[in-house]
Every structure is written in structure tokens, then in C-alpha cells.
Number of protein chains: 2
Amino acid sequence: MKITIADVAQKAKVSKTTVSRIINGNYAHTTEETKQKVLRAIEELEYRPNALAQGLKATKTNVIGMILSNLKNPFWSTVLEGIEDTCRASGYHLMIFNSNENELVEKELIKEFKTRRVDGIIIHPTCKDQLIYDRLIEEKHPLVIINRRVDNPMATGVVVDNVKGAYIAVNHLLKYGRTGVAVAVFQNPYVSTWKERVEGYKKAMLANGYAEEQCKILELEEGKPQIEPIKRWIKRNSDVDAIFSTNTTVTLEVIGALKDMGKQIPHEIAIVSYDETIWSKYIDPPLTTIKQPGYVMGQQAAQCLIDQIETKEMLEPQMNVLVPELIIRASCGAIPQD
Amino acid sequence: MKITIADVAQKAKVSKTTVSRIINGNYAHTTEETKQKVLRAIEELEYRPNALAQGLKATKTNVIGMILSNLKNPFWSTVLEGIEDTCRASGYHLMIFNSNENELVEKELIKEFKTRRVDGIIIHPTCKDQLIYDRLIEEKHPLVIINRRVDNPMATGVVVDNVKGAYIAVNHLLKYGRTGVAVAVFQNPYVSTWKERVEGYKKAMLANGYAEEQCKILELEEGKPQIEPIKRWIKRNSDVDAIFSTNTTVTLEVIGALKDMGKQIPHEIAIVSYDETIWSKYIDPPLTTIKQPGYVMGQQAAQCLIDQIETKEMLEPQMNVLVPELIIRASCGAIPQD
DNA sequence: CTCATTTTAGAAATCGTTAAACAAAAAAAC
DNA sequence: GTTTTTTTGTTTAACGATTTCTAAAATGAG
């Protein structure tokens with residue numbers, strides 16, 4: 001049988017009101033003596049208030065809902081760390097749901113969060129149908145969009161400058177002396193990060209004197225092995241001597257294909273990969289990567305959300321843009337000085 | 001203003017009870033006509049029941065709490081997938097907390113879960129103080145221990161046979177022809193997995209004719225770079241020609257140290273590493289690993305817990321033991337046939 | 001010593017939902 | 001045509017906490 005506030009009240013021979021006041025640090029209406037009596041009763045009965053009842057009364061749960069699309073990507077564990085640390089510091093707890101990049105699931109999960117009356121939501125969006133986000137924003141539901149962009153200009157969020165990241169990566173490949181630089185990317189026109197990284201690729205190509213038609217885009221299908229398609233593509237495009245790979249999964253597929261074909265990295269084909277991981281420097285060859293500030297991203301997202309929750313008036317929408325960083329290793333080493 | 005069941009009742013011109021019955025699929029007491037009226041009202045008002053109120057009334061939240069110790073270890077994303085899929089199939093949602101291997105934090109998080117009235121808890125235990133687990137078990141709180149063992153024989157859980165995994169790994173190194181096999185492990189006598197892996201190491205050594213004194217244990221400190229300590233240790237123990245590394249983090253440190261020293265893997269020192277990851281085969285050299293069935297582990301843990309939650313009588317405690325698997329790659333290749 | 005004021009504590013209403021008990025109307029049985 | 005049964009729906013009381021309003025005791029002023 002669960003201990004309730006009434007049990008504590010009875011044991012301490014006071015009213016529920018008094019117990020409630022003491023729990024919530026409202027000692028103005030109590031003598032030291034009753035306070036001690038009540039605290040002792042709480043201690044002895046090991047009373048813990050029922051968060052459901054508290055939440056119901058206060059319409060506040062101290063829970064933040066997070067929807068991410070793919071827990072497997074190790075990038076998220078860093079982001080989550082930032083979110084968790086920030087939440088903990090302000091007394092919030094995190095409820096993490098996984099949409100698996102599935103639009104329908106994401107919609108269901110948002111409903112579930114509403115049902116559970118979470119105080120705010122952080123979303124890594126997968127939906128093409130932007131209406132869902134519009135609705136949340138319109139309802140003034142505390143919301144932070146993370147990593148990917150949504151159309152609504154009133155959205156608050158934290159993203160990384162993917163155009164810039166891609167630009168740095170491709171520029172490095174070109175300055176390294178490569179003339180046939182391709183980009184490998186998952187084929188999904190609705191994901192802003194992929195779009196931006198291809199955009200950054202093109203921007204760097206044009207800035208280095210290449211024409212739009214000289215851009216080589218290797219589009220891959222998500223969710224199944226891509227080694228064979230990649231091999232076929234590379235055979236068809238024999239002038240490719242460098243690949244900018246737009247995420248970790250793609251990178252592994254590309255490396256797998258190149259090893260299969262016996263291609264030397266970086267001698268025959270150089271690689272720069274998006275996302276730095278603990279493994280990057282131990283790969284054969286060690287990978288040159290674009291490192292995103294995941295922890296900071298998490299921190300900022302959580303803090304934005306908490307500010308929204310705890311501020312009465314509507315906050316100005318803000319879009320924090322973080323800057324990625326190039327980490328140079330053997331898969332496309334230092335730029336030769338001439 | 002939030003829509004409540006009373007608003008729906010008013011709009012459909014019926015009582016709250018009727019609405020409640022229809023929401024919960026209890027149509028025995030309603031005509032088709034009222035049912036349609038109510039459903040239409042729910043639709044129009046976009047009514048969503050308040051899970052807090054429901055949970056309060058039913059003393060059931062459909063939430064499962066999970067405490068893990070380190071989200072960064074990619075092994076957990078696989079386990080979580082298994083847990084999530086199983087939970088979703090039975091209508092449960094997951095609340096994930098992170099203890100960061102901190103005993104005090106873990107205790108707090110358990111309290112938090114009790115406060116929030118989660119239906120059950122899955123714990124990856126970090127506590128030396130086993131009393132906490134004893135208490136939960138005694139209180140018949142639905143609980144599943146995952147990956148690590150606790151002392152209490154009444155605990156239900158899912159673990160991998162670490163003694164066996166380590167035995168297979170070390171045996172492989174010995175059969176490969178190595179005579180100076182060491183084990184690299186984090187120094188923490190309270191973590192059952194580490195203990196068992198060292199035990200499996202010793203068992204394999206003894207079974208292959210080595211004496212207890214010939215066992216070489218490289219103990220590492222968690223949480224700080226260990227490359228220098230490893231280098232010093234290897235210099236002191238020049239007869240070491242193989243290392244069984246007991247987890248991913250340790251493996252990276254060991255490889256880092258060996259590369260620093262210019263040691264050839266596997267020619268000078270062969271490696272078998274615990275935990276298969278998506279990266280393992282792309283490392284230089286590709287790693288021979290012990291693969292744990294993470295997804296199944298998650299599935300079984302979640303299913304055990306749900307069974308406990310949904311069964312009225314007390315279930316027999318059960319400890320599922322899963323079997324790990326050796327994946328052979330270049331860091332300690334196929335056993336030479338003679 | 002009386003009346004006003006402050007301090008301390010309690011009773012009752014409330015949050016949104018569900019379930020048991022109850023009432024009314026309709027259908028069936030005699 | 002009355003009684004019994006069935007169907008349909010409502011009233012009311014929980015669930016466990018908080019908070020407003022109210023009351024009693026203690027203190028102080030005159």
C-alpha cells in the first residue's frame with residue numbers, strides 16, 4: 001500500500017494542508033515544533049509525493065519530451081549529454097522517444113507528449129508535413145527544433161551551419177589538390193541537413209572555379225547496404241579522386257566499397273567525412289572529419305526550452321547557428337604548401 | 001485553455017461517464033447514436049485525455065523507467081532498440097535516466113521513478129550498496145536488472161555470459177599461437193562484468209596450461225586518458241604479445257598506445273576486443289571482437305518486466321543468460337591449421 | 001480587561017479522469 | 001395491465017496533492 005499525504009498527516013496529528021506546506025518549504029504558517037513532527041513522520045513512513053497528483057494540480061510535470069530520429073547515430077549521445085546536464089541543473093527530467101525517421105510515428109509521439117502534459121518538447125524533425133510544427137508553434141507550446149531546420153520562421157531552434165561545414169570540407173579536398181570531388185549523400189529531399197551539405201559542396205565547387213555541371217552527386221538509399229551501388233557508381237565515374245561523405249553511415253559504406261575495390265585512401269580517393277566520433281582517428285586511414293559541437297547544441301536547446309517554459313510572456317523566436325570545425329587526418333591530410 | 005472530458009460531454013450533451021466509457025472502448029452501455037455524437041465532439045474539440053489524471057486514478061502510467069550508466073557506449077543504442085520495440089508493442093513508453101556510473105545519482109533516480117509512479121524499472125546497476133536492489137525486490141516493485149549482476153538471488157534480469165565471452169576471446173588468442181596474453185580492464189571491483197571477464201581470462205589461461213602467476217592484468221583508471229599508463233605497462237611487460245581488451249573504451253586506449261609505440265597489430269601484439277560495433281571492421285587493423293546480443297537483451301528485459309507488471313501473482317525470479325559470439329578479423333585472425 | 005491584529009492550523013474545493021451506485025426509460029414476461 | 005428485466009445514462013465519490021477560505025489561539029494596544 002502506497003503512503004499518501006493523508007497517512008503522514010495522521011501520523012503527525014496535523015492536517016494534510018500543514019504537511020503539504022512543509023513539503024513545499026512554506027514554513028511561514030508553522031511552528032518549529034510541528035515542522036519537526038511532520039518531517040519525522042515523512043522520514044519514518046518514507047513518504048514520497050505522487051508526481052501525478054502534483055502534476056495534475058499544478059499543470060506542470062517537470063518533464064521535457066525529446067523526439068529523436070535515430071538513437072544509433074553516436075552524435076546524439078553527445079547532444080543528449082548536453083541536454084541532460086542542463087535539464088538536471090534546472091530540475092527537469094527527460095523523456096526520450098524515437099521516431100525512427102518515420103513521419104507517422106513522430107506525429108503519434110507528439111500527441112503522446114501532449115497527453116502526458118510534458119512541459120516542453122525538443123524535436124529532431126523528420127516530417128515533410130510542416131503543419132505539425134506550425135500547429136505546435138501556434139499553440140505556443142514550448143518547443144525547440146534541433147539539428148534540422150523547419151520552414152516556420154517563428155520556430156526556435158539550434159542548428160549547425162551545414163553549408164559552412166560542407167564548404168570547409170570540400171574546400172579542403174580541393175586545396176589538397178583534388179580535381180574530381182564528389183559528394184555522397186542520402187537521397188531525401190526533405191532533410192534540411194542533407195540539402196544544406198550538398199549546397200555547401202556546390203558552393204565550394206563554384207568558388208573554386210568549377211561549373212554546376214561538374215558537380216558529382218552520389219545519391220544513396222537509406223536503410224539498406226549501399227556498397228554495391230557505390231562500387232558501380234565509382235566505376236562509372238572514373239575521374240572521381242575525392243569524396244565528401246555527408247554522414248557517418250555513408251562514410252562507412254563508402255570506405256567499405258573502396259576497400260572492396262582495392263582503392264587506396266587517400267592516394268586514389270581522398271575522403272572527408274561529416275561527424276567526428278571516438279572512432280574517427282582509429283579508422284584505416286584515420287579520418288579527416290567535420291566535427292559538430294554536439295554537447296553545446298544540447299545545452300543550448302535545453303536552455304532555450306527551459307526559458308520558454310519558465311517565462312510567462314512569449315519569447316522572441318531565435319535560431320542559434322553553431323559552427324562546425326575541420327579535423328585533419330590522413331584520409332585527406334594537410335594541404336601541401338607550394 | 002485545455003480541453004477536458006467535461007467540455008466534450010457538454011458539447012455532445014451527455015455525461016462525463018458516457019464519454020469516458022466511449023474513450024475506453026466500453027460500448028456496452030451506449031447506443032450507436034450517442035457513440036457517434038461523442039466521437040464527433042472528441043474529433044472537433046481535438047480532445048486528448050490527460051494522462052496524469054488517468055494515471056492518478058488507475059495507479060498505472062504505462063511508463064517504464066530505465067536507468068543506464070553511460071549512454072555513450074554504443075552498445076546501449078542496440079539494447080535500447082530492443083527495449084523500445086518491445087515496449088511499443090505492448091503500449092508502454094520509456095523514460096530513460098542516466099546515472100553516469102554514479103551511485104548517489106542512481107539512488108536519486110530510483111526515488112524519482114517511484115515518485116513518478118512508473119510501472120516498472122530496468123536498471124543497469126552501478127551501486128556497490130546492494131541494499132537498494134534488495135529493497136525494490138522486497139517491495140515487489142517490478143524490476144529487471146540488465147547486463148550486470150546483483151547479489152540478490154531473487155532478482156530477475158538478463159545478462160550475457162561474460163566468463164564465456166572472455167574465455168572464447170582468450171582461447172582464440174592462445175590458439176592463434178600467442179604465449180604472453182594479457183587482459184586490459186577498468187579497475188572497479190564492484191562491476192560484475194569486469195570481474196567476470198577477468199575470470200574468463202584466467203579460466204582460459206589455466207585451461208591452456210598456464211599458472212595463476214602467469215596471468216597479466218593491466219588495470220586502467222576510468223574517466224581519464226590511459227595511453228601513457230598503458231605504454232609504461234607494456235614497456236615493463238615486454239613478453240606480452242597479445243591483449244584481450246574488455247570493452248570499447250579500453251580498446252581505443254590500447255590501440256592508441258600501441259600506435260604511439262609503433263607496435264604492429266597483430267604481428268607484435270594481437271588484440272581481441274569486447275563489444276562489436278559498426279566501426280569494428282573499419283579500424284586499422286579490423287578488430288576481432290566478442291559480439292553481445294544487445295537487441296535480444298533489450299527485448300528480453302522489456303518482456304520480463306512487462307510480464308511482471310501485467311501478472312497479478314508474483315513471478316518466479318529468472319536470470320536469462322545470453323551467449324556472446326566471436327567475430328574474427330585481422331587484429332587476431334584465423335587460427336593457423338597445423 | 002477588552003478589542004484588534006497577527007500567527008498558526010484546518011476544512012473544503014479543486015485539478016481531470018474513472019467506477020460504483022443509482023435512476024429512468026424501454027422491452028419483455030406473466 | 002402490472003411486474004420484472006434489460007438497456008441506457010447520470011450522479012457521486014474516489015485518486016493524491018495544493019490552495020483558498022475560514023477559524024481558533026496568541027499577542028499587542030489602549
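Chain letters run A, B, ... following the sequence lines, proteins first and then strands; every chain starts at 1.
Tested against B/Glu101 for a salt bridge (Lys or Arg N to Asp or Glu O under 4.0 Å), the candidates B/Arg148, B/Lys72, B/Lys128 yield a single pass: B/Arg148.
Minimum heavy-atom separation, A/Lys60 to A/Ile309: CE-CG2, 3.9 Å. When every heavy atom of B/Asn62 is checked against every heavy atom of B/Gly91, the shortest pair comes out as CB-O, 3.8 Å.
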Dump every N/O contact between nucleotides 10-12 of chain C and the protein below 3.5 Å, one line per pair.
unit_1 : atom_1 : unit_2  : atom_2 : d
C/dG10 : OP2    : A/Ser15 : N      : 2.9
C/dG10 : OP2    : A/Ser15 : OG     : 3.3
C/dG10 : OP2    : A/Thr18 : OG1    : 2.9
C/dG10 : O6     : A/Arg21 : NH2    : 2.8
C/dA11 : N6     : A/Thr17 : OG1    : 2.8

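In this structure, A/Asn26 atom CG and C/dA9 atom P are separated by 12 Å, rounded to whole Å. Between the CG atom of B/Asn50 and the C1' atom of D/dC15 there is a distance of 13 Å, given to the nearest Å. Protein atom CD1 of A/Ile23 is 11 Å distant from nucleotide atom C1' of D/dG16, rounded to whole Å. Distance A/Asn24 CG to D/dG16 C1': 13 Å, rounded to the nearest Å. Distance, A/Asp7 CG to D/dC15 P: 11 Å, rounded to whole Å. Following rounding to the nearest Å, B/Ile22 (CD1) and C/dT18 (P) show an atom-to-atom distance of 12 Å. The interatomic distance linking A/Arg48 (CZ) with D/dA17 (C1') rounds to 15 Å, in whole Å. For B/Arg116 and D/dG16, the CZ to P distance is 17 Å, given to the nearest whole Å.
Side-chain to base pairing of B/Lys57 with C/dT17: no donor and acceptor N or O lie closer than 3.5 Å to each other.
Under the 3.5 Å distance criterion, the side-chain polar atoms of A/Thr311 are matched with a main-chain donor or acceptor of A/Asp307. Judged by distance alone, with hydrogens and angles left aside, the side-chain atoms of A/Asn24 form no donor-acceptor pair with the main-chain N or O of A/Asn26 at under 3.5 Å. A donor-acceptor contact shorter than 3.5 Å is absent between the side chain of A/Thr30 and the backbone of A/Lys35. Counting only distance, with no hydrogens or angles, the side chain of A/Ser90 and the backbone of A/Tyr92 share no donor-acceptor pair below 3.5 Å. Put simply, the side chain of A/Tyr133 never gets that close to the backbone of A/Asp151: no donor and acceptor are under 3.5 Å apart. Not one N or O on the side chain of B/Gln303 forms a donor-acceptor pair closer than 3.5 Å with the backbone of B/Thr86.
Near DNA chain C, defined here as any heavy-atom distance below 4.0 Å, the residues from residues 30-42 of chain A are A/Thr30, A/Thr31, A/Thr34, listed numerically.
Residue B/Tyr47 is in sugar-phosphate contact alone, with no base atom involved, counting any heavy-atom pair closer than 4.0 Å across all strands shown.
Taking five base pairs at each end of the helix from C/dC1-D/dG30 to C/dC30-D/dG1, the local helix axes there meet at an angle of 60°, rounded to 10°.
Salt bridge status for B/Arg116 with B/Glu112: present, with a side-chain N to carboxylate O gap under 4.0 Å. Taking the charged nitrogens against the carboxylate oxygens, B/Glu33 and B/Lys37 have no contact shorter than 4.0 Å, which rules out a salt bridge. Between A/Glu46 and B/Lys114 there is no salt bridge, since none of the side-chain N atoms of the basic residue sits less than 4.0 Å from a carboxylate O of the acidic one.
In terms of phosphate contacts, B/Gln54 brings no side-chain nitrogen or oxygen within less than 4.0 Å of OP1 or OP2 of C/dG16. Phosphate proximity of C/dG16 to B/Thr4: absent, as no side-chain N or O sits under 4.0 Å from OP1 or OP2.
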